[in-house]
Amino acid sequence: MNTNQRLTKHLFLAIMIALDVILSPILRIEGMAPMSSVMNILAASLMGGPYTLLMALLCGIIRMVLLGIPPLALTGAVFGAYLAGTLFQRHQHIPSGRRSVKLLAPA
């Protein structure tokens, strides 16, 4: 991976973290963060497993510090994000009814 691709992934990671931190408290149900799950799955399909794991970990830590969310919420987000990223990298598509939809896949 060359420098431009790495920089692009890091910038996209920063943007996804910012969106997750901003949107999660707005659309939050007590005890759940559905918008965070949506952002994790979106990041998994666009960036892959390791970057999604890092994104979920950093977003969880930021939300724990700023919003007082318990640390137990971090475990589900991190495992789910890593699993989604790894499965998407392995299969390179998301099943959608009769056909599969190809999305932006990391090289």
Asker: Out of curiosity, Asn4 CG to Arg6 CZ, how far, rounded to the nearest 0.5 Å?
Answerer: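 The CZ atom of Arg6 is 11.5 Å from CG of Asn4, to the nearest 0.5 Å.
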Asker: Rounded to the nearest 0.5 Å, what separates atom CE in Met16 from atom CG in Asn40?
Answerer: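 Taking CE in Met16 and CG in Asn40, the distance rounds to 8.0 Å.
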Asker: Between the side chain of Ser24 and the main-chain N/O of Val21, is any donor-acceptor distance below 3.5 Å?
Answerer: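 No: the side chain of Ser24 does not pair with the backbone of Val21.
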Asker: Which pairs, with at least one residue in residues 57-77 and sequence neighbours excluded, count as a salt bridge (charged side-chain N to carboxylate O under 4.0 Å, His left out)?
Answerer: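 Checked against salt bridge (charged side-chain N to carboxylate O under 4.0 Å, His left out) - neighbours excluded - the pairs reaching residues 57-77 are Asp20-Arg63.
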Asker: Show every donor-acceptor pair shorter than 3.5 Å between a side-chain atom in residues 64-86 and any protein atom, with sequence neighbours excluded, or say none if there are none.
Answerer:
{"residue": "Thr75", "atom": "OG1", "partner": "Leu72", "partner atom": "O", "Å": "2.7"}
{"residue": "Thr86", "atom": "OG1", "partner": "Tyr82", "partner atom": "O", "Å": "2.8"}

Asker: Below 3.5 Å, can you tabulate the donor-acceptor pairs from side chains in residues 46-58 to any protein atom, sequence neighbours excluded?
Answerer:
{"residue": "Thr52", "atom": "OG1", "partner": "Ala43", "partner atom": "O", "Å": "3.4"}
{"residue": "Thr52", "atom": "OG1", "partner": "Ala44", "partner atom": "N", "Å": "3.4"}
{"residue": "Thr52", "atom": "OG1", "partner": "Gly48", "partner atom": "O", "Å": "2.6"}

Asker: Say you draw a straight line from OG of Ser36 to CG of Leu19; how long is it, rounded to the nearest 0.5 Å?
Answerer: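 Going from the OG atom of Ser36 to the CG atom of Leu19 covers 11.5 Å.
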Asker: Supply the atom-to-atom distance Ile61 CD1 to Ile17 CD1, rounded to the nearest 0.5 angstrom.
Answerer: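 The distance works out to 10.0 Å.
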Asker: Would Met35 end up clustered with Ile26 when hydrophobic side chains under 4.5 Å apart are linked, directly or stepwise?
Answerer: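 Same hydrophobic cluster.
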